[in-house]
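It should be emphasised that the depicted structure is a prediction, and the values quoted were computed from it without experimental measurement.
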Amino acid sequence: MVSPNARNKESDMPVLDRPQIGQERGTGQWWALIALTVPVLLMSIDLTVLSTALPSLSEDLTPSSTQLLWIIDVYGVFMAGLLVTMGSIGDRMGRRRLLMIGALAFGGASALAAFAWNAEVLIVARALLGLGGATLMPSTLSLIRAVFTDAAQRRRAIAFWAAAFAGGAGLGPIVGGLLLEHFWWGSVFLINLPVMVLLLATGPRLLPESKDPNPGPFDIPSALMLTAAVLALIFGIKEVGKHGWDLSSPALLLAGGLLTALFAVRQSRLAHPLIDIQLFRSLPFTVAVLANIAGVFAMTGALYFFPQYVQIVLGYSPLEAGLWSLPLAAGAVLGALLVPVVARRLPVGWVIGIGLAVAAAGYLTLSMLGLDGVLPVAFAGGALVGAGVGMAETLTNDVIIGTAPPEKAGAAAGISETAYELGGALGTAVLGSIGTSLYRGQVLADLPAQTPSVITDAATQTLGAAGQAAAHLPPEQARPFLSLVNEAFVHAMTQTFTIAALIVGAAALAGFIALRRHRHTAVDHH
C-alpha cells in the first residue's frame with residue numbers, strides 16, 4: 001500500500017528491487033499475479049468456509065450464540081481493524097517482506113484453529129488469522145501495481161484479483177462441504193498451510209520488493225484508536241442481538257462512535273495520517289466505499305444462514321449444503337469478470353446501482369424459502385446475490401481509486417480493502433444478530449410454559465444447540481420441539497433476508513444517484 005502522504009514526484013516513487021522473475025514482461029508477470037491472487041482467494045474463502053461447518057463445530061465445541069457469531073466474525077473484524085495499520089507498516093519495512101511475514105503468521109494461526117479444543121481458543125485463533133490476513137492483504141494489491149507497469153494490463157490483473165476475492169466468499173461453503181464429507185471441521189483450516197508454504201518458497205523469486213522511501217512517522221495512537229473503534233462497534237452490535245438494548249450495548253456503540261470521531265479528528269491534524277480523511281470530502285468516493293461495504297455485507301450475511309438452513313432444517317450433508325452455495329460463487333465470479341466490458345458502455349453509477357439492486361432482488365427471492373426448501377428458489381436467489389455483488393464490488397474499487405488524487409492512490413486502496421473486510425464483518429454481525437434476536441423471540445413465544453429451563457436455554461442459543469437438546473427429550477416431545485425450532489429459524493432467516501434486501505436496495509439507490517455521472521477511469525496510479 002502506498003503511503004497516504006506519498007507525493008507524485010520522481011524522488012518519492014516507491015523503491016522497487018527487481019526480482020529474478022516477477023517484473024519481466026510476459027509469463028513472469030502472470031506467474032506473479034497467481035502468487036498474489038491465490039492468497040487473496042484463500043483469505044476470502046476463510047471469511048465463509050466455516051459456515052458449512054457450523055453444525056459439527058457447534059456439536060463439538062458447544063459455543064454460545066454470541067461465541068458462534070464471534071467464531072465466524074472475529075476474523076473479518078480483526079482484518080478490517082488492522083488493514084490500514086499493516087499497510088502503513090508495509091510502506092516502511094517493504095511490502096514483499098510484510099507479505100512473507102503474513103504468510104508465516106497466517107499458516108501458524110491456521111494450525112491453531114484446526115486443532116482448537118474449545119470455543120475460546122478458536123476465537124483467539126480466528127483473531128490471529130485476521131492479523132495474518134491484514135499483513136497479507138495490503139501487499140497484494142500494491143505489488144500488483146508494481147509488477148504490472150502497463151495500465152491496461154494492470155486493469156485486467158486487478159479484475160482477476162477482484163474476481164478471486166468475490167468468488168472466494170461463495171466458494172467457502174463448497175470447500176468446507178467437500179472437506180467435511182471426509183474429515184473433521186478443523187480440516188477447513190489446514191488447506192491454508194500448503195498455500196502459505198508455497199508462497200514463502202516462491203514469493204522472493206516472483207515478486208519485487210516495494211517500499212515508500214519517505215513514509216513519515218508511524219502513529220501508534222491512531223492505529224490503536226482505529227482497531228479499538230472497529231472492535232467496540234462490532235461487539236456492540238452483537239450485544240444488541242444477544243441482550244437487546246441493555247446497558248452494555250449502547251455503551252459499546254457509544255464508545256465505538258466516540259473513538260471513531262477522535263480518530264477522524266486526529267487524522268485531520270496529522271501531517272502523515274493513517275487514513276487521509278480528506279478523501280471522504282468527495283461524494284463519489286464516500287458512496288463507493290459505502291457501496292463496497294454493502295456488497296460484501298450482502299454476500300456474507302446470506303452465507304451465515306444458508307448452510308445452517310440446508311443442513312439442519314432440510315437435513316442435507318455438508319457437501320450438499322456447500323453445493324447449494326455454488327450459484328452464489330459462480331454468479332460472483334461471472335459478475336466480476338464481465339463488469340469491465342459493461343462499464344465501457346454504461347456509466348459506473350448505473351452498473352454499481354444495478355449490481356446492488358440485483359443483489360437485493362436475490363435476497364427477496366431467498367426470503368420466499370420455507371420449511372420444505374425449493375431448490376430453484378435457492379439457486380436463483382443465490383445466483384442473483386452473487387452476480388450483483390460481483391458487479392458492484394469490482395467497480396466500487398475502480399471509483400475509489402479513480403476519484404482519489406494519484407498521490408493518494410495507495411491510501412484509497414487501503415480504504416477499499418478495509419471496507420471489504422468491514423462489510424464481511426458487519427454482514428455477519430448485523431444480519432446474524434438480527435436473525436438471532438428474531439429466532440430467540442419466536443422460540444420463547446412458541447415454547448410451552450412447562451418446558452424445562454435447560455431445554456429453553458439451549459433452544460434459544462442456536463439451532464444446533466436446540467438439536468442437541470432434542471436428543472434428551474422423549475420421541476413424542478422431540479418431534480414437535482424440532483418442528484417448532486426449525487420453523488422459528490426459517491421465520492427469522494426469511495425476515496432477516498427481507499431486511500437485508502431493504503438495506504442493499506437503499507445502497508443501490510444511493511450508488512445510482514451519487515455516481516450516475518461517473519465514468520470508468522483509465523488512470524495509471526503506478
Side-chain angles (χ1 to χ4, degrees), residues 44 47-48 51-52 162-163 165-174 290-310 313-314 321-339 342 350-370 372-396 420 423-424 426-428 430-432 434-435 490-512:
S44 187
L47 276 172
T48 57
S51 58
T52 312
F165 214 167
L171 285 173
I174 301 169
L290 294 175
N292 202 337
I293 292 172
V296 189
F297 175 96
M299 183 175 287
T300 54
L303 290 171
Y304 174 75
F305 290 99
F306 214 51
Q308 296 182 76
Y309 167 71
V310 176
V313 177
L314 302 185
L323 292 176
W324 275 53
S325 302
L326 184 60
L328 192 149
V333 172
L334 186 63
L337 293 178
L338 289 180
V339 94
V342 178
W350 279 76
V351 183
I352 292 175
I354 290 170
L356 291 176
V358 168
Y363 260 126
L364 285 177
T365 303
L366 291 175
S367 71
M368 300 175 188
L369 291 169
D372 51 353
V374 182
L375 191 63
V377 172
F379 272 33
L384 288 171
V385 171
V389 171
M391 290 173 63
E393 287 300 302
T394 304
L395 280 184
T396 53
Y420 186 99
L426 287 173
T428 304
V430 174
L431 297 181
I434 290 172
V490 171
H491 171 77
M493 179 186 73
T494 54
Q495 289 292 103
T496 304
F497 285 169
T498 302
I499 293 169
L502 295 174
I503 294 172
V504 179
L509 182 61
F512 172 75

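- The two residues Ala492 and Gly435 come nearest to each other via the heavy atoms CB-O, 3.5 Å.
- Residues that satisfy the side chain to side chain contact (heavy atoms under 4.5 Å, CB included) test with Val351, not counting sequence neighbours, are Val339, Val342, Leu346, Met391, Leu395.
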Show the numbers, then the answer: is there a side-chain contact (heavy atoms from CB on, under 4.5 Å) between Leu366 and Val377? CA-CA 7 Å; Leu366 291 175; Val377 172; 5.5 Å; no

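- For Ala330, there are no side chain to side chain contact (heavy atoms under 4.5 Å, CB included) partners two or more places apart in sequence or in a different chain.
- Partners of Phe497 according to the ring-ring contact (aromatic ring centres under 6.0 Å, His included) rule, which considers only residues two or more places apart in sequence or in another chain, are Phe305, Tyr363.
- Inter-residue side-chain proximity for Ile352 and Phe512 is flagged as unmet; no heavy-atom pair is nearer than 4.5 Å.
- The side chain to side chain contact (heavy atoms under 4.5 Å, CB included) test applied to Ile503 returns Phe297, Ile499, not counting sequence neighbours.
- When all heavy atoms are compared, the tightest approach of Ala360 to Gly505 is CB-N, 3.8 Å.
- In terms of the side chain to side chain contact (heavy atoms under 4.5 Å, CB included) criterion, residue partners of Ala507 (sequence neighbours excluded) are, by chain and number, Ala294, Leu356.
- Minimum heavy-atom separation, Val490 to Leu369: CG1-O, 4.0 Å.
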